[in-house]
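In this text the structure is predicted, and so the values were computed from the model without any measurement. So that the names make sense, note that chain A is the first sequence line, chain B the second, and so on, each numbered from 1.
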Protein chains: 2
Amino acid sequence: MKITDHGITAAKGFKAAGTAAGIKYKDRPDMALLYSEAPCVVAGTFTSNVVKAAPVKWDMRIVEGPGPVRAVVVNSGIANACTKSEGMKACEETADKCAELLNISRDAVLIGSTGVIGMNLPKDRIKAGIEKLVPALSDSAESAHLAERAIMTTDTVPKEVSVEIEIDGKTVNIGGMSKGSGMIHPNMCTMLAYIATDVSITKEMLTKAVKEDVKDTFNMISVDGDTSTNDTFLVMANALAENKVIDSEGEAYDTFVKALHYVNETLAKKMAADGEGATALFETTVINADTKENARKLARSVISSSLTKAAIFGHDANFGRIICALGYSGVDFDPDGIDMFIGSKSGKILMFSDGDPADFSEEEATKILSDKEVTVTVDMKMGSESATAWGCDLSYDYVKINADYRS
Amino acid sequence: MKITDHGITAAKGFKAAGTAAGIKYKDRPDMALLYSEAPCVVAGTFTSNVVKAAPVKWDMRIVEGPGPVRAVVVNSGIANACTKSEGMKACEETADKCAELLNISRDAVLIGSTGVIGMNLPKDRIKAGIEKLVPALSDSAESAHLAERAIMTTDTVPKEVSVEIEIDGKTVNIGGMSKGSGMIHPNMCTMLAYIATDVSITKEMLTKAVKEDVKDTFNMISVDGDTSTNDTFLVMANALAENKVIDSEGEAYDTFVKALHYVNETLAKKMAADGEGATALFETTVINADTKENARKLARSVISSSLTKAAIFGHDANFGRIICALGYSGVDFDPDGIDMFIGSKSGKILMFSDGDPADFSEEEATKILSDKEVTVTVDMKMGSESATAWGCDLSYDYVKINADYRS
């Protein structure tokens, strides 16, 4: 697998564009368009929140349907959630405009929105934005980067990734882009993340790959425990790589899934590291749990704990909060039988051993906790399953960003 | 029901004391003792965290046992959690010392600890503290207030309440004290809260009253979503009021439960309002839900949302976050059929109506959100059940307190 630097347009036949449409922000890119020259099979997962934004409902219908898709149009600034009938009308008009200008079917257009909940989209500006986006479509890396910047809200850095693999002697590319960075606590899904690939694969196998991999990638991150109304993760595959169509498990499927996992994990980690106000990526790995699902629950509980996140921000080796968070995860275990370590590029130390506080150097612990990537490892000694979750610290800036986000 | 100002020693035969024992803090009260001249029946609930502090395990054994209890000894500063065998040994020695000096049985002594997790208690200081506490026991309101101050950690104000009721022509008193103020997300229980009453009641009926009332009081508050290792709620009743023993449901039981509910709700609200870093009490009432349990889940989800809490801190009428939090509560409902209001002593306004954003004045909303007590009301229009939950806003000070709490 070769890591490339091409973002969402890495795969053959995909073009992207970004523009400033003035949806809510002034003078910054806030609309993106992704287009495939060839019809795509699509798979996706969506928020488990019962309050689903209009574009989520729109996409769910299309992903469940049989038809191929060709385009995704995304705006930032306004989430088009809690907007009832006006919200669906905005989706229809958006899709119609794209379909008209791209000469494709209305149901080949997917839609994404992110931003403030409970505001109606300015439909005229959306349509004017599409008119600017269509002629700007290009397969250049610059267009991919601009599209990524257009879907960002409080994100401070773009989140893109692309890889090249070989299947049946054919070169297959996968490109991805995503955005965070608050209201991140995906459940069965993620925030906005889009992946475009030229692999040839059936809808059934693509769906299987997506549903399984999100459990260990996008569903393992949290910034603030709030599951959004707009979480959307879509993978489009247009078959232009001309490999033999992947229609069952086997070597080709495994190669693709491995690359997809790398892409998903990379985007997920980037979202966690750039959580609102974050100063550090906070990773937790649980090893030797009795079941995979319990390993995931335990790891997620630790990276979601506000008290632990605040301690990471303060570089304070307050390991009791980590043990406490394991304890309320919903998983049953014997606290007297576990070990816990903290680590970073500065080293790794044992903090809790078989139920007792370990004798560690505060100075060394503070040094480890001062790095930009901090890892907690918990050994449950109950079995052989493991899982990793990613979050970030809780800083003054998280409060600042969210105390006046809407204004 | 008459509200009195006597705290935990309001009921006949109860004495309290507080002292500075130097457990972890310097020069501030950090040990409290509560003692009853007569044997008490006891009921309690404890943390659902599988990581239970040593004093929680100690108390659970005693509350489940048949014997009467006589005393509670509590320290702040160190939680005696994640301390394995040393932790239980500290409990044993604490109980032995109390039993010896008070001339009561070791199993008549309950123990509470709160503070840093993963540190061993200095047993000599605990024992020296008990030697100071026993001769200082008094039924004065001053002693009650000192005991309350001794159990506080990051609390900024004491949390006490006492009431007087009449049962069978006899005067019955109930006194209570509790402490917050971080790691507050009780589940089947609360943080440390103690209630002493002279009512005559069977252990069975007292247990029933406690288990039912916590569902609507202590279990309906959250400060940070972290369920502690030390949550303990105990009610002791010594029968000195000489009412006819309450051994079944009926008028006397109802009178007692109503007063107990007032005491529990008052302490719970005080904990929420004094959550770490809080500048406002944030109350959410869900009305017309289909079931009581769903009403509770919805209300708890709103007051637990970090994004909503940050918006309250910023006095920002970002109502979409509230609808979003209802949506991920785990309760199924139709977002297009609900109404939502915000209110305070400055007024009450409709923000969301039948699935659409309402037309409200930003100025009026900001005024309401600038009060010290902010209330959200959600009308589910699905049935007739309601529930209220209490939390607080999320401020810079929450982060500050928890980034360097242990140091």
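Sparse packing is recorded around NZ of A:K89, with 12 or fewer heavy atoms of other residues, nucleotides or ligands lying under 6.0 Å away. Residue-environment remark: NZ (A:K367) stays at or below the threshold of 12 foreign heavy atoms within 6.0 Å.
Summarising the geometry of B:D356 relative to A:K84, their closest heavy-atom pair is OD1-CB, 3.3 Å, with the distance given to 0.1 Å. Across all non-hydrogen atoms, the minimal contact from A:P357 to B:G118 is CG-O, 3.2 Å.
By the 4.5 Å heavy-atom criterion applied to side chains, A:L307 and B:Y398 are counted as neighbours. Side chains of B:V399 and A:K309 form no contact here, defined as non-hydrogen atoms less than 4.5 Å apart. A 4.5 Å side-chain heavy-atom check between A:D226 and B:S306 finds at least one atom pair inside the cut-off.
Within the 4.5 angstrom heavy-atom criterion, only backbone atoms of A:S228 (N, CA, C, O) approach chain B.
Of the listed residues (A:D393, A:D354, A:T229, A:N120), the greatest number of heavy-atom pairs within a distance under 4.5 Å of chain B belongs to A:D354. Note: B:Y396 leads B:Y396, B:F313, B:F352 in heavy-atom pairs under 4.5 Å with chain A. When A:G314, A:S304, A:A310 are compared by the number of non-hydrogen pairs under 4.5 Å with chain B, A:A310 comes out ahead.
The line from SG of A:C82 to CE of B:M340 is 8.5 Å long, rounded to the nearest 0.5 Å. For the atom pair CG of B:N318 and CG of A:N402, the computed distance is 8.5 Å after rounding to the nearest 0.5 Å.
Residues from residues 323-334 of chain B that place a non-hydrogen atom less than 4.5 Å from a non-hydrogen atom of chain A comprise B:I323, B:C324, B:G327, B:Y328, B:V331, B:D332, B:F333, given in numerical order.
In this view, A:D371 and A:K345 satisfy the salt bridge (charged side-chain N to carboxylate O under 4.0 Å, His left out) rule, not counting sequence neighbours.
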